[in-house]
There are 2 protein chains.
Amino acid sequence: MMVKITDVARHAGVSPSTVSYALSGKRPISEETRQRVEESIRRLGYRPHAGARALASSRSNVLALVVPLRAGIHVPVVMQFAVSVVTTARRYDHDVLLLTQEEGEEGLRRVADTALVDALIVMDVQLHDPRLPLLRALERPSVMIGFPASSDGLTCIDLDFKAAGEACVEHLARLGHRVVALVGSPPEVYVRQTAFAQRVVQGFTAAADRNGLASAVHPCEASPAAARAVAEQLLREQPALTGVVVHNEAILEPLVDAFEQLGLRVPGDLSVTAICPDELAESLRVPVTSIALPSAEVGTRAVELLMKKLGGSTAVPEATLLPPRMTERASAARRAIA
Amino acid sequence: MMVKITDVARHAGVSPSTVSYALSGKRPISEETRQRVEESIRRLGYRPHAGARALASSRSNVLALVVPLRAGIHVPVVMQFAVSVVTTARRYDHDVLLLTQEEGEEGLRRVADTALVDALIVMDVQLHDPRLPLLRALERPSVMIGFPASSDGLTCIDLDFKAAGEACVEHLARLGHRVVALVGSPPEVYVRQTAFAQRVVQGFTAAADRNGLASAVHPCEASPAAARAVAEQLLREQPALTGVVVHNEAILEPLVDAFEQLGLRVPGDLSVTAICPDELAESLRVPVTSIALPSAEVGTRAVELLMKKLGGSTAVPEATLLPPRMTERASAARRAIA
DNA sequence: CTGAAAGCGCTAACAT
DNA sequence: ATGTTAGCGCTTTCAG
């Protein structure tokens, strides 16, 4: 039933090792025998046994991907990221094992220690993530999506959220806005100390101060009702408000709707910029000027970093911050002079 | 560095096979030695090498999950399904390898033939899916989510979409509605001949006819503009319309909005029922009476079916149709008597 | 109830 | 440039 390497070797009139080397390219093979081997492989329909390979080479060619399940994370972003990881991994002849956050540290330890996977990608990293010590101790390379408080000895990658927050404000400032607000993630995200949410706040505040803008920050639950409430609160507390930065996929649309229902035109009376997936920004009734959440690129880069590490490269950067890219759309305009 | 079974055996003063059997339970072990073995395992931090295990036992304890990428599929549903598959697989001591549709038949063949996985779960099955012959020929069990034209020799599971379509109509009929319409998936879904979309149409039409209702079916693109257009078309072509069934997650909200903007109150003038994820139905401004898309249950059941097959059970049903469960919410009410 | 030992299919020294 | 062969770490007969 199953064709093995010795079958191929016999059929091609060579030794098993020659077949192995023909497949891996780890030593020179004469063009002629390589042809013969490849032909035999094709004719016999040979497929190397993954387990045997892993055992003999101590490489499974499988990466673990740990995805978050929790509230406040935008599902399409996770999915897009996962697809990008799988696609890129395949380009390097690797497969991807899917783990849920739920499995926790034990899950990571299990797949690493049983040699099921060669390396790990961990999403949704918290400032003081309990998995940090484990990842440091593990004998296998890993890449984290997001930044913990201290990334010493770890490899992290993410959008530069601080720069993204700054870019949104700078853009509004350039358009003449003097009073701005940030509508952010749900409170639990801040409580969890997810770094990226706080970074946005830092960037937002710093840029507002630097530009001499009046500013305020409002976390917001992921419900239309909450969006409405925040909109009302904003107008009450900052009557001169003309610029809003939104960092919360779930309520971007309801928030804009709420503003309009309150009699404010976007962008006529209020300019809006957001940090969100491009597809979301594009799809709204008023397309939103936004900094893209580059999930696909982060996924690709994460895999590439891992491959570099698996290749024994020592020159892998600890921190990779992807620069924000802004796309101007209809939602932000020059402030009307009263 | 790595602790192996012989280390454990030595430490516990038994043979390697005893350790193996203590772990697998495949032969009786005296309580006393089992204790000793377990203690040694714990002390040494032993983890069996996955590859070695797979090689010796010809079981990798890994399942493949193939997820779709194409247009017209609702991402959160896919994600929820995947999470449910992973969670359930873990309960059976299995892991999940993530594959994308993109990899195609070659991807399936690869992971199956290399013995990377023991079994496969395939989502988004088309009526005449090109993967069907392959899945039949594969030496490994598989479960398909969705129904092809002929499921002979394959194991399929899905919501009973025909019954779901019927249930929506029956519900509207019971509420006194006499003229109904189905707003369905984007045209490309029908062109692709995804069975579930057509089943809904069948159920919808059959139930409408059976109840003597006037009915019409309208595919609809996944954009707010398309929703608006369909709403207008509906009112033009079926002025007496009072009941609408929606089978299209993406446009449920815009469609209801469009109706209201056209002056129709939901459910005052128009009753709406939908086939969609519960979370979506709950989250709308007017919560929608709906048949749930039971992604989590489908995922769980799919894994259970595979486990049964892997266990050598021959009594695995070819077709599993999950009965629709309707939750009444605010969007459907008794027809107002003019 | 437990041990000994023969593989599982492949890779990577070590030879030539 | 190619062949020989000793493992990789575990499971599972076969023996007792």
Side-chain angles (χ1 to χ4, degrees), chain A residues 1-38 40-41 44-62 93 110-118 139 312, chain B residues 1-38 40-41 44-62 93 110-116 118 139:
Chain A
M1 194 71 228
M2 186 186 203
V3 180
K4 32 196 172 190
I5 201 170
T6 52
D7 298 328
V8 176
R10 193 174 328 109
H11 186 271
V14 298
S15 77
S17 61
T18 297
V19 177
S20 176
Y21 285 119
L23 242 24
S24 70
K26 287 187 182 170
R27 89 179 179 189
I29 302 280
S30 76
E31 191 47 33
E32 185 203 332
T33 56
R34 132 160 300 122
Q35 296 292 334
R36 215 141 27 84
V37 168
E38 278 171 4
S40 298
I41 289 177
L44 301 182
Y46 168 67
R47 299 280 196 169
H49 186 288
R53 228 171 202 197
L55 179 56
S57 67
S58 39
R59 281 301 198 100
S60 67
N61 275 36
V62 174
D93 195 31
R110 181 174 60 81
V111 297
D113 288 354
T114 61
L116 224 195
V117 307
D118 295 333
E139 66 286 21
Chain B
M1 193 70 227
M2 184 186 204
V3 180
K4 32 197 172 188
I5 201 169
T6 52
D7 298 327
V8 176
R10 193 175 326 111
H11 186 271
V14 298
S15 75
S17 60
T18 297
V19 176
S20 176
Y21 285 118
L23 241 25
S24 69
K26 287 187 182 170
R27 91 180 179 187
I29 302 279
S30 77
E31 191 47 32
E32 186 204 333
T33 56
R34 131 160 301 121
Q35 295 291 337
R36 217 145 23 88
V37 169
E38 278 172 3
S40 298
I41 289 178
L44 301 183
Y46 169 65
R47 299 279 197 171
H49 186 289
R53 226 170 203 195
L55 179 55
S57 67
S58 38
R59 282 300 198 102
S60 67
N61 275 36
V62 174
D93 194 30
R110 181 176 60 81
V111 296
D113 288 353
T114 60
L116 224 195
D118 295 333
E139 66 286 20

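Protein chains get the first letters and strands the later ones, always in sequence-line order, with residue 1 at the start of each.
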Visitor: Pick from A:V14, A:V37, A:I29, A:T33: which one makes a side chain to side chain contact (heavy atoms under 4.5 Å, CB included) with A:Y21?
Guide: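 The side chain to side chain contact (heavy atoms under 4.5 Å, CB included) with A:Y21 is passed solely by A:I29 among A:V14, A:V37, A:I29, A:T33.
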Visitor: Write down the atom of B:A12, the atom of B:S40, and the distance for their closest heavy-atom approach.
Guide: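 What the structure gives for the nearest pair is CB-OG, 3.3 Å.
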Visitor: For A:K26 and C:dA12, is the shortest distance between a side-chain N/O and OP1 or OP2 below 4.0 Å?
Guide: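 It does, given that an N or O in the side chain of A:K26 lies less than 4.0 Å from OP1 or OP2 of C:dA12.
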Visitor: Any N or O donor-acceptor pair linking the side chain of A:S57 to the base of C:dA12 at under 3.5 Å?
Guide: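 No such pair is found, so the answer is no.
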Visitor: Could you check how far CD1 of A:I5 sits from P of C:dT11, rounded to whole Å?
Guide: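 Result: 5 Å.
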Visitor: Taking only the side-chain heavy atoms of A:S17 (C-beta and beyond), determine which of D:dG9, D:dG3, D:dT11 contains the nearest atom.
Guide: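 Shortest atom-to-atom distance from the side chain points to D:dG3.
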Visitor: If we count only N and O atoms by modelled type, under 3.5 Å, do the side chains of B:T18 and B:S15 hold a donor and an acceptor together?
Guide: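 B:T18 vs B:S15: donor-acceptor pair found between side chains.
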Visitor: For the residue pair A:S20 and A:I5, what are the closest heavy atoms and their distance?
Guide: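 Closest heavy-atom pair between A:S20 and A:I5: N-CD1, 3.8 Å.
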Visitor: Please tell me which of the listed nucleotides, C:dC8, C:dC10, C:dG3, lies nearest to the side chain of A:H49?
Guide: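 Out of C:dC8, C:dC10, C:dG3, the nucleotide with an atom closest to A:H49's side chain is C:dC10.
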Visitor: Is there a side-chain contact between A:Y21 and the phosphate of C:dC10, meaning an N or O under 4.0 Å from OP1 or OP2?
Guide: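 For A:Y21, the contact criterion (side-chain N or O under 4.0 Å from OP1 or OP2 of C:dC10) is not met.
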Visitor: Whole-Å distance between C:dG9 P and A:M2 CE?
Guide: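 A:M2 atom CE is separated from C:dG9 atom P by 6 Å.
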Visitor: Classify A:T33 by what it touches in the nucleic acid, base, sugar-phosphate, or nothing, heavy-atom distance under 4.0 Å.
Guide: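 Sugar-phosphate only.
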Visitor: For A:V14, report the nucleic acid contact type (base, sugar-phosphate, nothing); a contact means any heavy atom under 4.0 Å.
Guide: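 Touches sugar-phosphate only.
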Visitor: Check this for me, if you would: do A:D7 and A:R10 make a salt bridge, where the nitrogen-to-carboxylate-oxygen distance has to be below 4.0 angstrom?
Guide: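 Counted as a salt bridge, because a side-chain N and a carboxylate O are separated by less than 4.0 Å.
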Visitor: Where each residue is assigned the nucleotide of DNA chain C containing its nearest heavy atom, which of A:K4 and B:T18 is assigned the position nearer the 5′ end?
Guide: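 Comparing both residues, the 5'-ward one is B:T18.
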Visitor: Taking atom types as they are modelled, would you say the side chain of B:R27 forms a donor-acceptor pair with the base of C:dT2 within the 3.5 Å cutoff?
Guide: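 Yes, the side chain and the base share a sub-3.5 Å donor-acceptor pair.
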Visitor: Nearest to the side chain of B:Y46 - D:dG9, D:dG7, D:dC10?
Guide: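 Per side-chain heavy atoms of B:Y46, the pick is D:dC10.
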Visitor: On DNA chain D, nearest-nucleotide positions of A:S15 versus B:V19: which is more 5'?
Guide: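 Closest to the 5' end, via its nearest nucleotide, is A:S15.
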Visitor: Between C:dT11, D:dT11, C:dA12, which nucleotide gets closest to the side-chain atoms of B:S20?
Guide: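 That would be D:dT11.
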Visitor: Report yes or no: is there a donor-acceptor pair, N or O only, under 3.5 Å between the side chain of A:S30 and the base of D:dT2?
Guide: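 No, no donor-acceptor pair under 3.5 Å.
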